[in-house]
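One structure is given here, and the rest of the page talks about it.
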Amino acid sequence: MNCIRALVLSALLAALSTTPAAFASEFDQCLKSLRGQAGSRGVATATFDRHTQALAPDMGVIELLDFQPEFRTPIWDYMAGLVDEERVADGRAMLAEWSETLRAIEARFGVDAETVVAVWGVESNYGRSFGRRQVVTSLATLSCFGRRQDFFRGEFFTTLKILEEGHVDADALVGSWAGAFGHTQFMPSTFMRIAVDFDGDGRRDLLGSVPDALASTANYLKQSGWRTGQPWGHEVQLPRSFDTSQAGRRNKQPLSAWAARGVQRVDGAPLPATDAPAGLLLPAGPQGPAFLVLRNFDALFSYNAAESYALAIGHLADRLRGGGPFATPWPTDDPGLSREERREVQRLLLARGYDIGEVDGMIGTNTRRAIAALQAELGWEQDGRAGQRLLDTLRQTR
Ligand code: CA
C-alpha cells in the first residue's frame, strides 16, 4: 500500500510541478542535444532522425523508475506466481517443441535446455509477453528525465545502433519500461555484448527468432561463468539449532564443509562429496526453506541481480526436469497464489463491482487498490495483497 501511495503522490507532485506541455518542450530540447551526440556515439544522424521523428515522452516510465516489485513482494508471492503449474506445463511443451534447437544450444554453450527454457518462461512467459512499451520511446524518456540519465543514454544510442544494423524490426521493438526486450528481455547493451544469430539469417533477432533468443540466453549464462553439468544448488535441511550466522550467497564454503556440519539434502541424501563452493541461502529466514547454492546460482543471479529471481529460475528448471515443489513450506499462514488463482481473485473482485481493469493474473495497481478497499470493508489490514486467505474469503462470500 505504501508503494501505491508513493506512486500516486509522485504522480501528483509531478503533475503539480510541471505541465505536460513543459515536459514536451524539455523533451524536444533534450532530443536536440542528443542528436548532436549521435555521431560520437556511433549512430548516423539519419538513423537518429528516422527513429525519433514525432517522438513524445512516456512519463509513465519515470514513475516506474523507482518501483521494483521484486524487492517489495514477499518471496512466497513472488515464487507462487512465477513457478506455478501453468508455467511448468507450458515449459514442458516448449522443451518438446524446441528440443532440436535446445540440443544444439546445449552443445554449443554448455547450458542445459531446462535452464534456458526456465529463463524464457520467467522473462516473457515463453514469448507471450514482451512488454507493451516502445523501447525507443522509453529509453529516450529515461535519457531526458529522472535519475540515471547517463546510463539510459547509453542504452538509447545502443538501441538506435541495433536498429541501424537491422537486427530487429523498429515497429516490433517493444519491451519493458526500462528498455529490456525480446523473448528473454535483454537490455540493448547486453544485446550488443551477448546476443547471437543462431538461426543463421545474419540478424540477431531476439523478438522474431526463438533460436536467436534462446541461444543468446545460453551465451549470457556461459559468459557469466556457467559450469556445465553442475546444479544451481540443493534444497537442504539444517540440523536443529544450526548456527545460521554464516548464511549468504557470497559466503561460500566447500559442500563437504557444510556436510561436515550436518547439512543434508531435504530428501535425506548426502550432499555430493565435492569441494564445490556453496553458500547457504535462507530467502525467508531460518524458519523457511534453506538452500546451498553453487556457482551456477551466481550465473542466474547475474541475469537480474535478485536472489529471488535466481531461485525462481533454478526451481522452475528443476520442476521442468520433473522435480517437485520445495519440501519446506514458506513461513507464512497465508501462502501466495498461482496466476490462475490470481485471475480468480480478479474475477471475484469484478463480480463484486470493483473496477480492476482486465483479468490478467497480474496484481497491479488497480487490483491492489480494489483489494485494499475490500480489506477495509472486512476490517483487515489494508496491504493490497492477494493471498490464499483473501481468495478463500472471496469464494465464501460471493
Ligand atoms: Ca537470426
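In what follows, residues are counted from 1 in the order of the sequence shown. Atoms within each ligand, like the ligands themselves, are counted from 1 in listed order. This structure is a prediction, so every number in the text was calculated from the model and none was measured.
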Six-ring centre of F151, R148 cation under 6.0 angstrom, axis tolerance 45°: yes
Are any N, O or S atoms from G202 nearer to the Ca ion (ligand 1) than 3.0 Å? no
Just checking: D212, one of its N/O/S atoms, less than 3.0 Å away from the Ca ion (ligand 1), yes or no? yes
Does the side chain of Y309 pick up a donor-acceptor pair with the side chain of E123 at under 3.5 Å? yes
Do you see a donor-acceptor pair shorter than 3.5 Å between the side chains of R352 and T397? yes
Among the N, O or S atoms of [X], which one sits nearest to the Ca ion (ligand 1)?
{"X": "D197", "result": "OD1"}
{"X": "D201", "result": "OD1"}
{"X": "D199", "result": "OD1"}

Which pairs of donor and acceptor atoms, one on a side chain in residues 30-46, lie under 3.5 Å apart (sequence neighbours left out)?
{"residue": "R35", "atom": "NE", "partner": "D49", "partner atom": "OD1", "Å": "2.7"}
{"residue": "R35", "atom": "NH2", "partner": "D49", "partner atom": "OD2", "Å": "2.8"}
{"residue": "S40", "atom": "OG", "partner": "Q37", "partner atom": "O", "Å": "2.9"}

Donor-acceptor contacts, no H, no angles, side chain residues 288-298, under 3.5 Å, sequence neighbours left out:
{"residue": "R295", "atom": "NH2", "partner": "S224", "partner atom": "O", "Å": "2.9"}
{"residue": "N296", "atom": "OD1", "partner": "R227", "partner atom": "N", "Å": "2.7"}
{"residue": "N296", "atom": "ND2", "partner": "R227", "partner atom": "O", "Å": "3.0"}
{"residue": "N296", "atom": "ND2", "partner": "Q230", "partner atom": "O", "Å": "2.9"}
{"residue": "D298", "atom": "OD1", "partner": "R249", "partner atom": "NH1", "Å": "3.0"}
{"residue": "D298", "atom": "OD1", "partner": "K252", "partner atom": "NZ", "Å": "3.4"}
{"residue": "D298", "atom": "OD2", "partner": "K252", "partner atom": "NZ", "Å": "2.8"}

